[in-house]
Amino acid sequence: MDVVVQLQRQLADHTASLFHEGFLNEQFNQLQQLQDESNPDFVVEVVSLFFEDSERLLNELAKALEQQAVDYKKVDAHVHQLKGSSSSIGAQRVQGVCIPFRNFCEEQNIEGCLKCLQQVKHEYSLVKNKLETLFKLEQQLIAAGGSFPTL
């Protein structure tokens with residue numbers, strides 16, 4: 001099988017699985033629609049900023065929840081920011097965990113917050129790996145002389 005055709009199929013299958021498994025939603029498609037020839041790395045750049053921001057927020061959340069007297073307003077502000085940034089790229093499973101996380105902040109429930117922190121770290125790690133794989137497949141396809149359809 002032609003390498004380009006094989007890579008196109010892998011890319012299509014991987015992309016479909018991201019949506020089917022609920023990692024991404026329609027917002028990611030809308031983000032891709034903003035990419036064009038004048039800004040071919042737009043999606044990678046936006047998602048890279050999401051990665052940087054999320055890692056900073058997850059570290060801040062861990063630190064805040066380790067404190068003797070937890071500042072739940074601060075924790076909630078970080079979760080709110082993480083929820084917004086995950087929503088903006090379509091990372092719906094990360095966004096979904098942020099909803100009960102915020103509820104636990106409102107209840108000042110440390111056990112619930114710690115459990116949600118572990119869940120959100122897990123979901124973030126999964127979506128990050130999946131998106132990095134997607135971007136590698138796109139790079140391999142371009143390097144092989146192929147192209148992928150823009151949405």
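Start at 1 with the first residue, then count along the sequence. The analysis underlying the following values was restricted to heavy atoms, covering all of them including side chains, and did not include hydrogens, waters or symmetry mates.
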Worksheet item: Given the rule in the side chain to side chain contact (heavy atoms under 4.5 Å, CB included) test, do F28 and L131 qualify, once you have shown the distances and angles that lead to the verdict?
Response: CA-CA 11 Å; F28 188 77; L131 286 169; 3.9 Å; yes
Fill in: Q30 side chain reached by L34 side chain, heavy atoms, under 4.5 Å
no
Discussion item. Is any side-chain heavy atom of F19 closer than 4.5 Å to one of E26?
Written reply: no
To the nearest 0.5 Å, what is the distance between [atom1] on [X] and [atom2] on [Y]?
| X | Y | atom1 | atom2 | answer |
| --- | --- | --- | --- | --- |
| Q81 | L57 | CD | CG | 4.5 Å |
| Q27 | Q95 | CD | CD | 9.0 Å |
| Q8 | D13 | CD | CG | 12.0 Å |
| S54 | I89 | OG | CD1 | 7.0 Å |

Worksheet item: Can you list the steps and then say if E21 with K130 is a salt bridge (Lys or Arg N to Asp or Glu O under 4.0 Å)?
Response: CA-CA 11 Å; E21 295 172 22; K130 299 274 187 184; 3.7 Å; yes
Item to complete: Step through the shown structure and confirm whether more than 12 heavy atoms of other residues, nucleotides or ligands are within 6.0 Å of CD on E106.
Response: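 No.
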Fill in: H14, NE2 atom: more than 12 neighbouring heavy atoms under 6.0 Å
yes
Worksheet entry | Trace of the side chain to side chain contact (heavy atoms under 4.5 Å, CB included) decision for V47 with F135 | CA-CA 10 Å; V47 171; F135 298 146; 3.8 Å; yes
Treat each ILVMFWY residue as a node, draw an edge where side-chain heavy atoms are under 4.5 Å apart, and state whether [X] and [Y] are in one component.
| X | Y | result |
| --- | --- | --- |
| V43 | L18 | yes |
| L49 | L24 | no |
| I99 | L82 | no |

Discussion item. If you apply the rule side chain to side chain contact (heavy atoms under 4.5 Å, CB included), what do you find for E111 with F104, and how did you get there?
Written reply: CA-CA 8 Å; E111 292 83 14; F104 286 127; over 6 Å; no
Worksheet entry | Closest non-hydrogen atom pair, A64 against V75 | CB-CG2, 3.7 Å
Main chain of [Y], side chain of [X]: is a donor-acceptor contact present, judged purely on distance under 3.5 Å?
| X | Y | value |
| --- | --- | --- |
| S86 | K83 | yes |
| Y124 | Q119 | no |
| S48 | V44 | yes |
| D76 | Y72 | no |
| Q92 | G22 | yes |

Worksheet item: V3 and L7: side chain to side chain contact (heavy atoms under 4.5 Å, CB included), yes or no, with the steps?
Response: CA-CA 6 Å; V3 174; L7 285 168; 3.8 Å; yes
